[in-house]
Structure formats: structure tokens, C-alpha cells
> 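Quick one: this structure, given as C-alpha cells, is what I'll be asking you about.
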Amino acid sequence: MNGDAFTAHESNVRRYCRAFPTVFTKALGATIWDETGKPFIDFLVGSGALNYGHNNPDIMAPAIEYLVGENILLSLDMHTAAKRDFIEGFVDWILKPRGLSYKIQFPGPTGTNANEAALALARKCTGRSSVMAFTNAFHGMSLGSLAVSGSASTREQGGVARHDVIRVPYDGYPSQAFDSVSYIDCILSDPGSGIEKPAAIILEIIQAEGGMNAASTAWLTEIQRICRTHGIVFIVDDIQAGAGRTGDFFSFESAKIEPDIVCLSKSLSGSGSPLSIVLIRPDLDIWKPGEHSGTFRGNNFAFVTAGAMCKMWSDRKFTAGVERTALRLQTHLDRLVAKFPRYIEQKRGRGLMAGLKCRSPALVGRVHDVAFENGLLIESSGPNRDVIKVLPPITITDAELDRGITILDHALQEQDNA
Ligand SMILES: Cc1ncc(COP(=O)(O)O)c(C=O)c1O
């Protein structure tokens, strides 16, 4: 079958293949090749699922050894040596050095599986049904996650009512002048507000699909305080912003907060293989055995690659390299903002989770097309898709990063002739 197999047989729902119309065959690090041999710098990275690049040798070497050794691949939630190694690595290299203590739940393998589990647990713990969620949030495509997502087109999916959600303004919404955290505090404290106390507040530290909006430390600290004051479970959806994307392992580290529940997925396996976990404050782990389930909770290939990823965080050279790359990216973006004020309104995000808010969605569409033509995969985000989402692998080489930025610069420059 040739390329027409997709048009002839794949559902109309397909999306990224329309934005990047070629057939990809090979990938290494931050470079992905199509079947004509054309290389592209990858600033899309599986929408944040390939933070460590494609086929990272430090991650793939143990996985290849594991695959040829007739080892367990699927294990439901039975004990396996690979799962034990992952748990030990995650605790020793990720949780302990950050002074964190969580129980680890393995839900189904996708991000939305983790969020559904977190929401169900918060409801079980509190006996309350509603959840407070934010403008421009995105939490996934299953019904519970859709309900707490903000985008109208996303929420319309599923065709059933989505109850029990209290929508509140995120930090900076609708403008920096609005003090959303005081508003939230007020409606939760005032018996006349008409707002019932929710089971949980769920949020992203940086809203990715929502337009790369980064919450401030002061705002997050206040949200945590409000949760503690009112006995509300504080859930951080770190599915896209976590696993190293901001330059720290967790996106909330710099804010020095400690959420009650943290959801991780996407880049957690380090390899693109599906894996999710829900980190639960130990006293909230009131699940009964088997009460929450899922067939693909035991992806042992992903346990092996995730273990290798965790180990990388114990290497000071690795973490220093990520910090340096984040700084290099930010410098590049500051330069683009200064060079193209006619096209770019502001820089958004933090670390290696960055965005450029542009003056129109049409412009972003054109920049995307020129960039693709010249060998760069880049995505847009935001409710109006007017934010260029810049998501290079956190392990990208300086040469690849510079090349990607040069292509982006050129695509912006081209708009003078559009
Ligand atoms: C913040 C956030 N939460 C949840 C999800 C859903 O993850 P998945 O597509 O694996 O279900 C996404 C996906 O983009 C996301 O960005």
C-alpha cells in the first residue's frame, strides 16, 4: 500500500498528518526523517511525549536488551522485576531528592486515564462530587477529563452533559488585572456565593493546549493554601508540563508547592511508550484492592525505559545540560520577540515549555507551513490557535536547537512577503 492507504482507510478524524503531510520513517534525537530522506527538526515531540528525543540511546539500550531477553511485556498489575526497578528508580532518583513522598498508582496508560483516576479518588476521599477547574484547561478526551477542560470545541465531544464542574479563571484570565485567586477564595468562603465546596481543584502549572499560560508562584501558593484551608484535594495535571519539560522534573518544583495528587504521563516512559502514574499523598490512598482497574497498567517495556529516564536525573551533568538548553532556548525566543514585534505579542511558558503568542491565527498557520517546508515540525496552541508552541526535546543538541530556531526565524521573516 502507498500513502493513499491513509486517505482511503483512516478515519476523517486524523489531524497531525494533515498538518505535516509526509510519511515518516526514522528518528534520532531531535531529528525525524520522512521516507524521501528529508530531515525535520522536531519541536512537536509527540505533543510533549518525547521530551528525551527519539530513540535516546541511554533509554533505548536497556530496553533493547530487555526485549531480546524473553522478558515480561504485559503484566496487568502483577509484580514484575521491571516494575520493581521502575518504582525503586522513581522513588530514589525523582521523589526522594525532592523531599516528596507519594504512593504510586498505575492507571491505564494514557494521560486521561491518570486524570480520571485522580478525580475519582478525590471524589471518594471527600464524598463530594463537584470539581473546580480552570479556563483554557485541557485534561484529556474521556468524559471526566473533558468535563474539566475549558475549550468549547473539546467540551462538545462526547455529546453528553458534563456536570459537577465549577469553572474559575486561571492566573491572568481574563487579564493580569483580575485577581482570580481572591475570587476563588471568596466564592469558597462566602456562604452566599452559591458555589458548593468541590472535591478537588485540578490545574496545569503551565496550560499547554490552552496557550502556554504559566501560573505564577504566588498564585499557585495561594491555590494550595485555599485547598488546605477548605479541605479540597489539590490535583496537578503534570502530564504535559512534567517529566522534565520545564527544566525541572516536576513543573511545580520552582513554586515549592506539594500537591496532594500529581498525574504524570506523556514523557514519563522517556521513549514514547505509553505509561501513566498517579502520585497520591499517602493518607489519601484509600482505594480498595481492585477498585480502579485497566488492562494496560503493566507496560513493562515502558517501565524499563522510564527507569532509564529516572536514572538520568541522578546525573548532575544531565540536569546542568537541561538547564543550559532551557536558557539557550529562552535567549533565542527573546531575540525573536525583539526582532518581530509586528508578528509576536509576547513570549509565554517557562524553561523548555515555551510559546510565542502571535498577532493572528492566520499568521501562525502560515509560519507553520513555511517552517514545515523548510524542515521544522512545530505546533500551535491556545483557544484561537495563535500561539506557536515551541517544544524541543530537553536533550536537544545546540546545533539542532539553533537550526530549528533559524528555520522559525526565516518563516517569520517570510511573512513580510505574505
Ligand atoms: C495537560 C494534559 N492533560 C492530559 C492530557 C491527555 O493525555 P492523553 O492524550 O494521553 O490522554 C493532555 C494531552 O495533551 C495534556 O496536555
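As the structure lists them, so they are numbered: ligands from 1, and atoms in each ligand from 1. The model shown is predicted, which means the values in this text are computed figures rather than measured ones. Residue numbers start at 1 and run along the sequence shown.
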> Tell me which part of Met141 gets within contact of ligand 1: side chain, backbone, both or neither, using heavy atoms under 4.0 Å.
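The answer is neither.
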> I need the atoms of ligand 1 closer than 4.0 Å to a non-hydrogen atom of Asn115, numbered in the order shown.
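By the 4.0 Å cutoff, the relevant atoms are 3 (N), 4 (C).
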> Would you please determine whether Gln207 falls within less than 4.0 Å of ligand 1 on a heavy-atom basis?
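Not so, Gln207 does not reach ligand 1.
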> Distance to 0.1 Å, residue and atom name: give those for the protein heavy atom nearest to atom 4 (C) of ligand 1.
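The answer is His139 O, 3.2 Å.
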> Please verify the inter-ring angle class for Phe106 with Phe86; under 30° counts as parallel, over 60° as perpendicular, anything in between as tilted.
perpendicular
> For the pair Arg228 and Glu258, find out whether any cationic side-chain nitrogen is under 4.0 Å from an anionic carboxylate oxygen.
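No salt bridge links Arg228 with Glu258.
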> Please indicate whether any nitrogen or oxygen in Thr112 is less than 3.5 Å from any nitrogen or oxygen in ligand 1.
yes
> With a cut-off of 4.0 Å, which atoms of ligand 1 are near a heavy atom of Thr110?
10 (O), 11 (O)
> Give a yes or no on whether the ring-centroid distance for Phe24 and Phe40 is below 6.0 angstrom.
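They qualify: ring centres under 6.0 Å apart.
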> Answer with yes or no after comparing the ring centroid distance for Tyr66 and Phe301 against a 6.0 Å cut-off, counting only values under it.
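Distance test on ring centres: not under 6.0 Å, no.
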> Can Lys83 and Asp77 be counted as an ion pair, charged N to O under 4.0 angstrom?
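Answer for the salt bridge query: no.
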> Taking both backbone and side-chain atoms of Gln240, is any N or O found less than 3.5 Å from an N or O belonging to ligand 1?
yes
> Tell me which part of Asp237 gets within contact of ligand 1: side chain, backbone, both or neither, using heavy atoms under 4.0 Å.
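The part of Asp237 near ligand 1 is the side chain, not the backbone.
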> Is the contact between Asn113 and ligand 1 made by the side chain, the backbone, both, or neither, using heavy atoms and a 4.0 Å cut-off?
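Neither; no heavy atom under 4.0 Å.
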> Quick check on contacts: which atoms of ligand 1 are under 4.0 angstrom from a heavy atom of Glu204?
1 (C)
> Among all protein heavy atoms in this structure, tell me which lies nearest to atom 14 (O) of ligand 1, with the distance rounded to 0.1 Å.
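Its nearest protein heavy-atom neighbour is Lys266 NZ, 2.9 Å.
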> Could I get the full list of ring-ring contact (aromatic ring centres under 6.0 Å, His included) partners for His332, not counting sequence neighbours?
none
> Salt bridge or not for Arg225 and Glu222, using N-O below 4.0 Å?
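Yes, charged N to carboxylate O under 4.0 Å.
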> Which of the numbered atoms in ligand 1 are under 4.0 angstrom from any heavy atom belonging to Gly111?
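Those qualifying, in numeric order: 7 (O), 8 (P), 10 (O), 11 (O).
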> Does an N or O from Ser47, backbone or side chain, lie closer than 3.5 Å to an N or O of ligand 1?
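Ser47 vs ligand 1: no N/O contact under 3.5 Å.
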> Please determine whether ring pair (Phe, Tyr, Trp, His ring centres under 6.0 Å) holds for the pair Trp93 and Phe318, giving the CA-CA distance in whole Å, both sets of side-chain angles, and the decisive distance to 0.1 Å.
CA-CA 13 Å; Trp93 294 317; Phe318 166 78; over 10 Å; no
> For the aromatic rings, using the six-membered ring if either is Trp, is the centroid distance between Phe134 and His139 under 6.0 Å?
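Ring-ring flag for Phe134/His139: false, centres at least 6.0 Å apart.
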> To the nearest 0.1 Å, how far is atom 6 (C) of ligand 1 from its closest protein heavy atom, and which atom is that?
Gly140 CA, 3.7 Å
> In the protein, what heavy atom is nearest to atom 15 (C) of ligand 1, and what distance, to one decimal place, separates them?
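Minimum-distance protein heavy atom for atom 15 (C) of ligand 1 reads Phe138 CD2, 3.8 Å.
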> I'd like to check atom 9 (O) of ligand 1 in this structure: does the protein have a heavy atom lying under 4.0 Å from it?
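So atom 9 (O) of ligand 1 lacks protein heavy-atom neighbours under 4.0 Å.
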> Considering only NZ, NE, NH1 and NH2 on the basic side and carboxylate oxygens on the acidic side, decide whether Arg359 and Asp386 come within less than 4.0 Å.
no
